[in-house]
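Below, all heavy atoms of this structure are taken into account, side chains as well, without hydrogens, waters or symmetry copies.
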Amino acid sequence: MKAKSNLKTLDQFVDEQYGKKGTPKRDNFEKGYESFKIGFLIQQARLERGLTQEELAQKCGTNKGYISKIENNIKEVRISTLQKIVELGLGGQLKLSITL
């Protein structure tokens with residue numbers, strides 16, 4: 001006897017929990033996800049370079065608490081500050097795109 005699978009894809013789960021794309025609840029979820037993703041990307045790049053939050057903060061002219069808040073999605077980051085973190089702190093290049 002084969003058991004029925006209740007597994008769902010991530011897209012199906014998000015559609016059920018937050019609605020289809022274009023609905024206010026889904027738009028709010030997507031916005032929060034983008035903020036989370038930026039913090040996660042900064043954290044991963046910092047760890048790949050073997051830097052502590054304190055070391056990264058010193059390189060880009062801010063403090064450890066601010067870096068921690070960005071990485072943990074507690075604080076939103078301005079584009080100019082993000083550019084300093086990426087370029088001065090991490091030695092990378094910030095690239096932004098707009099998709100319509």
Side-chain angles (χ1 to χ4, degrees):
M1 184 189 283
K2 194 173 184 182
K4 186 176 179 181
S5 175
N6 290 329
L7 295 178
K8 298 175 184 167
T9 66
L10 178 59
D11 287 335
Q12 289 170 329
F13 177 79
V14 172
D15 284 349
E16 287 178 10
Q17 297 297 313
Y18 300 99
K20 298 285 183 188
K21 288 186 178 183
T23 62
K25 188 174 180 181
R26 177 66 173 262
D27 289 346
N28 192 39
F29 168 78
E30 298 286 343
K31 182 180 176 186
Y33 173 72
E34 289 302 315
S35 295
F36 167 78
K37 189 167 69 171
I38 289 171
F40 179 77
L41 292 171
I42 290 171
Q43 181 183 45
Q44 290 303 302
R46 175 180 63 76
L47 293 173
E48 283 178 18
R49 281 155 184 76
L51 297 171
T52 65
Q53 290 177 339
E54 182 69 37
E55 290 168 332
L56 176 58
Q58 288 175 355
K59 286 181 165 220
C60 59
T62 188
N63 61 61
K64 177 189 179 294
Y66 187 73
I67 297 296
S68 177
K69 288 177 183 177
I70 293 169
E71 288 184 357
N72 291 295
N73 195 31
I74 296 169
K75 181 97 172 152
E76 290 188 16
V77 61
R78 292 176 24 186
I79 292 175
S80 59
T81 305
L82 180 59
Q83 186 173 11
K84 286 179 186 177
I85 292 170
V86 171
E87 294 179 1
L88 298 176
L90 299 168
Q93 183 180 12
L94 180 63
K95 293 182 181 182
L96 300 173
S97 67
I98 298 174
T99 304
L100 301 175

Practice problem: Give the intermediate values and the outcome of side-chain contact (heavy atoms from CB on, under 4.5 Å) for residues Q43 and N72. | Solution: CA-CA 9 Å; Q43 181 183 45; N72 291 295; 5.6 Å; no
Quiz prompt | Shortest non-hydrogen contact from A57 toward K64 | solution = CB-N, 3.5 Å
Practice problem: Find the distance between NZ (K84) and CG (L90) and round it off to the nearest 0.5 Å. | Solution: 14.5 Å
Quiz item: What is the minimum heavy-atom distance between I79 and L94, and which atoms define it?
Solution: O-CD2, 4.3 Å
Quiz item: Heavy atoms, side chains only, cut-off 4.5 Å: are L82 and I70 in contact?
Solution: no
Practice problem: Would you confirm whether K69, through its side chain, and V77, through its main-chain N or O, come within 3.5 Å as a donor-acceptor pair? | Solution: no
Exercise. Mind checking the CD-CD spacing from Q12 to Q17? Nearest 0.5 Å is all I need.
Key: 12.5 Å
Exercise. To the nearest 0.5 Å, tell me how far N63 CG sits from Q53 CD.
Key: 10.5 Å
Quiz prompt | Between CD1 on residue I42 and CG on residue L47, distance to nearest 0.5 Å | solution = 12.0 Å
Practice problem: Flag the pair E71 and R46 as a salt bridge only when some basic side-chain nitrogen lies within less than 4.0 angstrom of an acidic carboxylate oxygen. | Solution: yes
Self-check item: Verdict with supporting geometry, K20 and D15, side-chain contact (heavy atoms from CB on, under 4.5 Å)
Solution: CA-CA 5 Å; K20 298 285 183 188; D15 284 349; 3.4 Å; yes
Quiz item: Side-chain heavy atoms under 4.5 angstrom apart, residues restricted to Ile, Leu, Val, Met, Phe, Trp, Tyr: same cluster for L41 and L96?
Solution: no
Quiz prompt | Which atom of I67 lies closest to which atom of C60, heavy atoms considered | solution = CD1-SG, 4.3 Å
Quiz prompt | Exercise: identify the closest heavy-atom pair between E55 and L51 | solution = OE1-CA, 3.3 Å
Quiz prompt | side-chain contact (heavy atoms from CB on, under 4.5 Å) evaluation trace for T23 with Y18 | solution = CA-CA 8 Å; T23 62; Y18 300 99; over 6 Å; no
